[in-house]
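Worksheet: one structure, shown below.
Only this structure's heavy atoms are used, side chains among them; waters, hydrogens and symmetry mates stay out. Counting starts at 1 for both ligands and their atoms, in listed order.
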Amino acid sequence: MNRHPQIYEGKAKILYATDNPDILLAYFKDDATAFNAQKRGKIVGKGEINCQIAAHLFRSIEAQGIATHYIDCPAVNEMRVKSVQILPIEVVVRNIAAGSLCQQTGLALGTILPQPLVEFFYKNDSLGDPLLTRDRLLLMELATVEQLEILHSKALQINSILENFFQLCGITLVDFKIEFGVDKHEQILLADEISPDSCRLWLIGEPDPNLRVLDKDRFRRDLGNIEDAYQQVLARVLGVKE
Ligand code: TMP
């Protein structure tokens, strides 16, 4: 595909314009970062794997009635997406305690939460993506009250779709981060990506707390075999008969 102007470069993707102003092309990079880009590396083949996983998950979510920015994949590491204004909010849904929830609350790693927990973080690297309260979010006008309700309810629906889907893959969905955007019709679309970069995924039936990790925690925590883990998630996702 001939290259159009680059309109944005993030840590894991580059967005290009296309001939159609309503459509962007997302190129998935092999670059990996963690801890607000203090740790940097490359995961060979990650761009292709994440693009394919995200495409599959977006299609499943869309099939269950939730609008996403996904259109199609013209190449294995390229996705055409609807152009949206990304809301500067990282929406995290957790089913099991891990990561910053454990660090900030003292909950033990692996604690099964009585119900899914939805959290909002401010997407702002220079501030270190801080956890937001509802009132701070509204004070900063990051979203309207109505948008916030929509984000909350869509996040829970997406969690239930993904949890069921990953269960069929033999994987526990521990938690994940999603982002939403607003299109030219003021509709809220699920955007960005859903991949082992943005989810915690544990292999069902593997008791070893390090061996079970199939996501970016392998990179964050130097657990090794990162490419194999990502490849395994892709194989399992593609293997699901729905
Ligand atoms: P956390 O436990 O570090 O807050 O992460 C929660 C989930 O969000 C986890 O699945 C990893 C994902 N995540 C991102 O996708 N991007 C980020 O910048 C961070 C901090 C977490």
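Summarising the local packing, CD1 of Ile112 is surrounded by 12 or fewer heavy atoms from other residues, nucleotides or ligands at distances under 6.0 Å. Within a 6.0 Å radius of CD in Gln167, no more than 12 heavy atoms belonging to other residues, nucleotides or ligands are found. More than 12 heavy atoms of other residues, nucleotides or ligands lie within 6.0 Å of CZ in Arg221, so this atom counts as buried by the packing criterion.
Counting only non-hydrogen atoms, the option in Asp175, Asn36, Asp215 that gets closest to atom 9 (C) of ligand 1 is Asp175. Closest heavy-atom approach to atom 6 (C) of ligand 1 within the set Arg200, Gln104, Glu193, Lys177: this belongs to Arg200.
His152 and Phe120 have tilted rings, their planes meeting at an angle from 30° to 60° on a 0 to 90° scale.
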Determine all donor-acceptor pairs shorter than 3.5 Å in which one atom belongs to a side chain in residues 139-150; sequence neighbours excluded.
unit_1: Thr144; atom_1: OG1; unit_2: Gln147; atom_2: N; d: 3.0
unit_1: Gln147; atom_1: OE1; unit_2: Thr144; atom_2: N; d: 3.0

Please tabulate, for the side chains in residues 45-53, all donor-acceptor contacts under 3.5 angstrom to protein atoms that are two or more places apart in sequence or on a different chain.
unit_1: Lys46; atom_1: NZ; unit_2: Asp31; atom_2: O; d: 2.9
unit_1: Lys46; atom_1: NZ; unit_2: Asp197; atom_2: OD2; d: 2.6
unit_1: Asn50; atom_1: ND2; unit_2: Glu193; atom_2: OE2; d: 3.4
unit_1: Asn50; atom_1: ND2; unit_2: Ser195; atom_2: OG; d: 3.3
unit_1: Asn50; atom_1: ND2; unit_2: Asp197; atom_2: OD2; d: 3.4
unit_1: Gln52; atom_1: NE2; unit_2: Val76; atom_2: O; d: 2.7

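Between Asp215 and Arg200 there is no salt bridge, since none of the side-chain N atoms of the basic residue sits less than 4.0 Å from a carboxylate O of the acidic one. The residues Arg80 and Glu78 are annotated as not salt-bridged, no charged nitrogen and carboxylate oxygen being separated by less than 4.0 angstrom.
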Derivation and outcome, side chain to side chain donor-acceptor pair (under 3.5 Å), residues Asp129 and Asn36 = CA-CA 8 Å; Asp129 296 346; Asn36 205 7; 5.9 Å; no

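Each of the following atoms of ligand 1 lies closer than 4.0 Å to a heavy atom of Cys199: 10 (O). Atom numbering of ligand 1 starts at 1 in the shown order; those under 4.0 Å from a heavy atom of Gly99 are 2 (O). Residue-ligand proximity, Phe176 to ligand 1, at heavy-atom distances under 4.0 Å covers atoms 10 (O).
Using a 4.0 angstrom heavy-atom cutoff, Gln103 does not count as in contact with ligand 1. Under a 4.0 angstrom heavy-atom cut-off, Asp197 registers as being in contact with ligand 1.
The nearest heavy-atom contact from the protein to atom 21 (C) of ligand 1 is Arg220 NH2, 4.3 Å. Among all non-hydrogen protein atoms, the one lying nearest atom 20 (C) of ligand 1 is Glu90 OE1, 5.0 Å. The shortest contact between atom 1 (P) of ligand 1 and any protein heavy atom is with Ser100 OG, 3.4 Å.
For atom 11 (C) of ligand 1, a protein heavy-atom neighbour is present inside the 4.0 Å cut-off.
The proximity of Ser198 to ligand 1, defined as any non-hydrogen pair under 4.0 Å, involves the side chain as well as the backbone. With a 4.0 Å heavy-atom cut-off, ligand 1 is reached by the side chain of Arg94 but not by its N, CA, C or O. If you look at Lys123 next to ligand 1, there are no close heavy atoms at all, none under 4.0 Å.
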